[in-house]
Number of protein chains: 2
Amino acid sequence: MPTPHYGQPRYRVIAGELRARIDACLIESGSLLPTEGALMAEFKASRGTIRHALALLRDEGLIETEHGRGTIVRPPQNLNRSAASEMIRQSQKTPATPTVAKLLEIKPGDLVEEEEIVVRQSGKVQKVIQSYRPAE
Amino acid sequence: MPTPHYGQPRYRVIAGELRARIDACLIESGSLLPTEGALMAEFKASRGTIRHALALLRDEGLIETEHGRGTIVRPPQNLNRSAASEMIRQSQKTPATPTVAKLLEIKPGDLVEEEEIVVRQSGKVQKVIQSYRPAE
DNA sequence: AGAAATTTGTCCGTATGTATC
DNA sequence: AGATACATACGGACAAATTTC
């Protein structure tokens with residue numbers, strides 16, 4: 001079988017599925033997640049892919065892994081699970097709007113470096129952030 | 001050869017070496033890092049190990065990778081050392097631009113809550129940040 | 001414009017090391 | 001000591017984005 005990764009890569013899909021289970025409290029916090037071997041069997045994925053998925057959740061602070069013991073679901077901790085929201089960032093050069101140009105003390109239409117961040121939470125766009133700096 | 005990882009694992013050693021080069025400005029910021037292939041040859045490590053090392057630096061915000069292009073050294077972050085930066089913030093309701101409307105899945109012109117932050121440093125405007133949320 | 005080469009991204013299988021039970 | 005589970009490392013294959021010719 002080839003390796004077509006249409007849409008989302010598998011490790012992200014798997015992470016999403018596990019995240020959903022944790023959010024839905026199908027896995028009690030503090031208890032152990034299925035072992036990597038079990039997840040390999042369930043998702044029919046290689047160990048590397050499973051570990052990649054777990055790494056995402058670990059970076060989000062959702063889980064914690066202990067060598068030789070297993071992976072546990074971290075207690076909710078803080079309500080502002082900032083990392084649990086997904087941010088998509090992109091930057092590009094774009095002409096300055098009049099408002100931005102005035103603030104940056106340049107001419108409208110001059111190129112500026114724009115950074116755009118889209119914040120999603122449970123699939124829904126919560127916020128759009130656009131920042132502008134003078135281009136080099 | 002077996003896979004003994006005495007002391008530090010190799011991916012961390014490699015990351016350390018690259019970090020040192022970046023800190024010492026042996027690699028100009030903005031320029032491309034050696035390709036993964038080149039690093040494999042230099043450190044005689046597999047691609048996975050090299051990528052593991054790069055992932056560490058990426059998480060530290062030291063480097064940035066672009067699909068098909070390569071990995072660049074990020075310009076030194078804002079050391080938020082200079083307390084001399086001043087931020088002026090204001091918020092208001094304003095009609096959504098087409099771009100923002102599309103992202104928020106509303107109609108262009110619909111009112112959104114805008115927050116604007118102007119960052120000044122030694123009197124000069126460095127950055128303009130505009131963020132948009134759906135209005136209540 | 002289009003084809004080829006380059007470079008990073010994803011995925012798999014296997015083997016071995018190390019920590020915990 | 002043995003079994004279990006995570007950690008590190010290798011190698012190969014194909015996909016996708018970018019650059020080069």
To the nearest Å, how far apart are [X] [atom1] and [N] [atom2]?
X: Gln8(B); N: dG17(C); atom1: CD; atom2: P; value: 19 Å
X: Leu56(B); N: dT8(D); atom1: CG; atom2: C1'; value: 13 Å
X: Ile63(A); N: dC6(D); atom1: CD1; atom2: P; value: 10 Å
X: Ile50(B); N: dT7(C); atom1: CD1; atom2: C1'; value: 14 Å
X: Glu66(B); N: dA16(D); atom1: CD; atom2: P; value: 19 Å
X: Phe43(A); N: dC11(C); atom1: CZ; atom2: P; value: 13 Å
X: Leu32(B); N: dT6(C); atom1: CG; atom2: P; value: 16 Å
X: Arg12(A); N: dA16(D); atom1: CZ; atom2: P; value: 14 Å

For [N] and [X] - does any side-chain N or O of the residue sit under 4.0 Å from the phosphate oxygens OP1/OP2?
X: Thr49(B); N: dT8(D); result: no
X: Arg51(B); N: dT8(C); result: no
X: Arg69(A); N: dT4(D); result: no
X: Tyr11(B); N: dA9(D); result: no

Flag the pair [X] and [Y] as a salt bridge only when some basic side-chain nitrogen lies within less than 4.0 angstrom of an acidic carboxylate oxygen.
X: Arg21(A); Y: Glu28(A); result: no
X: Arg19(A); Y: Glu60(A); result: yes
X: Arg51(B); Y: Glu36(B); result: yes

* Mapping Met40(B) and His52(B) onto DNA chain D by nearest heavy atom, which one lands closer to the 5' end? -> His52(B)
* Structure fact -> Members sharing Ile72(B)'s hydrophobic cluster, built from side-chain contacts under 4.5 Å between Ile, Leu, Val, Met, Phe, Trp and Tyr, are Leu32(B)
* From dT7(C), dA5(D), dC10(D), pick the nucleotide closest to the side chain of Thr35(B)? -> dT7(C)
* Structure fact -> Among the nucleotides dT10(C), dA9(D), dC12(C), whichever has the atom closest to the side chain of Arg10(B) is dA9(D)
* To do: Please state whether the base of dG9(C) and the side chain of Arg47(B) form at least one donor-acceptor pair under 3.5 Å?
  => yes
* So does His67(B) reach the base of dT18(D) with its side chain, donor to acceptor, closer than 3.5 Å? -> no
* Gly48(A) vs Gly68(A), nearer the 5' end of DNA chain C by closest nucleotide -> Gly48(A)
* To do: May I ask you to say what Gly70(A) touches in the nucleic acid, namely base, sugar-phosphate or nothing, with a heavy-atom cut-off under 4.0 Å?
  => sugar-phosphate
* Ser29(B) versus Arg74(B), side-chain donor and acceptor atoms under 3.5 Å -> no
